Amino acid sequence: MSLNQNTARAASRALAGAGEPDHGNKAPKVGVFQRRKGATQENPAVNVILTIILSLGAVIMAAPLVWMVSTSLKTKDGVYALPPEWIPDPFVWDNYVRVFQDTYVLSGIKNSLIVAISVTVVGTVFSSLAAFALAKLRLPGKNIIFIALLSGMMVPFPTLMIPQFIMFSRIGWVDTLLPLIIPVILGNVIMIFFLRQYLHNVPDSLVEAAKIDGASYLKIFWTMILPLMRPAIAAQFILWFMAVWNDYLAPIIYLNTPEKQTLQVVIANMNVQYATQRDYPLIMTASVISVVPILIVFLIFQRQIIESIALTGSKT
């Protein structure tokens, strides 16, 4: 039996109504544009100072990215020009052709996409299911399981590098992408923790009502819980995708063949090879290409991230 309309409507309003105090008929709600008693008026001078400080911070943070894009379009001599040239003269678009012809950037992009997409997409599904189980299901010892997962985060990766490498070498996984995918494809503890805390805003009565309607736990998750968690999943998905995409330590340990290396290892090898030739524009071109997938993922999930921030602000 599918969920009835009342349960579905209640689920869509769960987060919006959670955390609001019950005033009853005694105390009217304060309007959005009504000033609360005792509230101080905003000072225009403070707003101007904050705007200036934030603008300077934005310029400082964006300057390295702008310099990287500018350097990728320069000649070798233009990199060392004094005073520094922010606008290349001339624009050398050939750098973006050479980077695919003379390097392993194309294979690095393919390998990085295979690892990042498989890990984050499949891992997000398992992490969401685990968070739902730990937050809403009546499981014996689920708090102990959750504490055990958090305790695993305290073990630093360097202590596991040698045992993992020995294990993967014995089963023949060295110089393949499997050691980068299999150990983390079943979930991310940080995402599980974040989603579990997020689901505490959803009343347990909604899940109980859905069970009375005859829905299974899997049906409840896909039709009710997953839409409510979508903003939180989007925010955690981007952070996880960035971590996997920018990972350098694990790929440099397990990948030896240039055609099987991820993009970050390829760029590091380019830095060794082309820095002696003073070909920094080619290195910066590969760096610009490595940033593009992260920007695309952010633009895709930008709306969900804003919804997550706005929802969190409305709860506090």
Side-chain angles (χ1 to χ4, degrees), residues 61 64 108-109 111-135 139 141-200 229 232-258 260-272 287 290-291 293-294 297-298 305 308:
M61 295 180 65
I109 294 174
N111 296 330
S112 294
L113 286 176
I114 292 174
V115 175
I117 292 177
S118 60
V119 168
T120 53
V121 173
V122 179
T124 297
V125 175
F126 284 108
S127 298
S128 303
L129 290 170
F132 171 64
L134 293 174
L139 298 176
K142 65 178 183 179
N143 292 330
I144 298 177
I145 296 175
F146 182 65
I147 294 175
L149 290 175
L150 295 180
S151 301
M153 297 175 56
M154 302 179 185
V155 180
F157 180 71
T159 62
L160 304 176
M161 288 191 303
I162 296 178
Q164 280 189 356
F165 182 83
I166 295 175
M167 178 182 66
F168 290 139
S169 64
R170 288 179 178 177
I171 61 179
W173 283 9
V174 175
D175 204 20
T176 66
L177 299 178
L178 293 177
L180 308 180
I181 299 176
I182 301 302
V184 291
I185 199 173
L186 296 181
N188 186 342
V189 179
I190 297 178
M191 178 178 284
I192 294 174
F193 170 77
F194 184 83
L195 296 180
R196 177 182 178 272
Q197 300 304 115
Y198 191 86
L199 285 177
H200 284 319
M229 291 195 303
I233 291 176
Q236 290 298 310
F237 180 86
I238 291 181
L239 295 177
W240 195 8
F241 184 88
M242 289 176 57
V244 177
W245 180 266
N246 293 324
D247 187 20
Y248 173 77
L249 182 58
I252 198 63
I253 294 175
Y254 296 109
L255 303 178
N256 301 320
T257 306
K260 297 181 181 180
Q261 292 175 343
T262 59
L263 183 58
Q264 304 305 325
V265 180
V266 170
I267 294 176
N269 294 336
M270 288 177 58
N271 192 28
V272 176
S287 301
S290 68
V291 176
I294 297 177
V297 172
F298 177 79
I305 293 176
S308 177

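Note that the structure is a prediction, hence the values are computed from the model and not measured.
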Enquirer: Is the backbone N or O of I109 less than 3.5 Å from a side-chain atom of S112, with the two atoms forming a donor-acceptor pair by type?
Expert: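 No; judged by distance alone, with no hydrogens or angles, the pair does not exist.
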
Enquirer: Can you list the residues that meet the side chain to side chain donor-acceptor pair (under 3.5 Å) rule with Q236, with sequence neighbours excluded?
Expert: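 Once residues adjacent in sequence are excluded, Q236 has no partner under the side chain to side chain donor-acceptor pair (under 3.5 Å) criterion.
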
Enquirer: Taking it one step at a time, do D247 and Q264 satisfy side-chain contact (heavy atoms from CB on, under 4.5 Å)?
Expert: CA-CA 7 Å; D247 187 20; Q264 304 305 325; over 6 Å; no

Enquirer: W245 and side-chain contact (heavy atoms from CB on, under 4.5 Å): which partner among L113, I117, V115?
Expert: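 The option that passes is L113.
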
Enquirer: Any side-chain heavy-atom pair from V265 and L255 closer than 4.5 angstrom?
Expert: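 When only atoms from C-beta onward are counted, L255 and V265 do not touch, as no gap falls below 4.5 Å.
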
Enquirer: Please name all residues satisfying side-chain contact (heavy atoms from CB on, under 4.5 Å) with A135, sequence neighbours left out, ordered by chain then number.
Expert: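 Result, side-chain contact (heavy atoms from CB on, under 4.5 Å) vs A135: R196, L199.
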
Enquirer: Do you know which of V266, L263, L177, T262 makes side-chain contact (heavy atoms from CB on, under 4.5 Å) with P251?
Expert: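 One option only clears the test, and that one is T262.
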
Enquirer: Is the closest side-chain heavy-atom distance between V174 and N256 below 4.5 Å?
Expert: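 V174 reaches N256 side chain to side chain.
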
Enquirer: Rounded to the nearest 0.5 Å, what separation is found between the CD1 atom of I171 and the CG atom of L178?
Expert: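 Output value for this atom pair is 8.0 Å.
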
Enquirer: Are the side chains of I267 and N271 in touch, meaning some heavy atoms are under 4.5 Å apart?
Expert: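 When only atoms from C-beta onward are counted, N271 and I267 do not touch, as no gap falls below 4.5 Å.
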
Enquirer: Could you tell me if the side chain of Q164 sits less than 4.5 Å from the side chain of Y254, heavy atoms only?
Expert: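 Touching, per the 4.5 Å side-chain cut-off.
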
Enquirer: Quick check: do I233 and S128 have side-chain heavy atoms less than 4.5 Å from each other?
Expert: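 They are in side-chain contact.
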
Enquirer: Does V297 have any side-chain contact (heavy atoms from CB on, under 4.5 Å) partners at least two apart in sequence or in another chain, and if so, which?
Expert: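 With neighbours one apart ignored, the set is F237, I238, F241, F301.
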
Enquirer: When the side chains of residues 141-153 are checked against the rest of the protein, which donor-acceptor pairs come out under 3.5 Å, sequence neighbours left out?
Expert:
from : atom 1 : to   : atom 2 : distance (Å)
K142 : NZ     : L137 : O      : 2.8
S151 : OG     : I147 : O      : 2.8

Enquirer: Would you say CD1 of I190 has more than 12 non-hydrogen atoms from neighbouring residues, nucleotides or ligands within 6.0 angstrom?
Expert: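 Incorrect, the count does not exceed 12.
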
Enquirer: So do the side chains of P179 and F165 get within less than 4.5 Å of each other, counting heavy atoms only?
Expert: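 No. Closest side-chain heavy atoms not under 4.5 Å.
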
Enquirer: Could you work out, with ring-ring contact (aromatic ring centres under 6.0 Å, His included) as the rule, every residue matching W173, not counting sequence neighbours?
Expert: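 Checked W173 against ring-ring contact (aromatic ring centres under 6.0 Å, His included); matches are F168.
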
Enquirer: So for atom CD1, which belongs to I162, do other residues, nucleotides or ligands contribute more than 12 heavy atoms lying within a distance under 6.0 Å?
Expert: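 Count not over threshold, so no.
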
Enquirer: Once rounded to the nearest 0.5 Å, what's the spacing between atom OG1 of T124 and atom CE of M229?
Expert: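 T124 OG1 to M229 CE: 10.5 Å, rounded to 0.5 Å.
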
Enquirer: Of all residues at least two apart in sequence or in a different chain, which pass the side-chain contact (heavy atoms from CB on, under 4.5 Å) check with L186?
Expert: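 By the side-chain contact (heavy atoms from CB on, under 4.5 Å) rule, L186 matches F126.
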
Enquirer: Supply the atom-to-atom distance I114 CD1 to K260 NZ, rounded to the nearest 0.5 angstrom.
Expert: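 The distance works out to 11.5 Å.
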
Enquirer: Compare all side-chain heavy atoms of V184 with those of V244 and state whether any distance is below 4.5 angstrom.
Expert: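 Counting from C-beta outward, V184 and V244 never come under 4.5 Å.
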
Enquirer: Give me the atom names and distance for the closest heavy-atom approach of L195 to A232.
Expert: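 Scanning both residues completely, I find the closest heavy atoms to be CD2-CB, 3.7 Å.
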
Enquirer: Step by step, would you call T257 with D175 a side-chain hydrogen bond (donor to acceptor under 3.5 Å, both in side chains)?
Expert: CA-CA 7 Å; T257 306; D175 204 20; 2.6 Å; yes

Enquirer: What pair of heavy atoms forms the shortest contact from S127 to G187, and how long is it?
Expert: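 For S127 and G187, the tightest heavy-atom pair comes out as OG-CA, 3.2 Å.
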
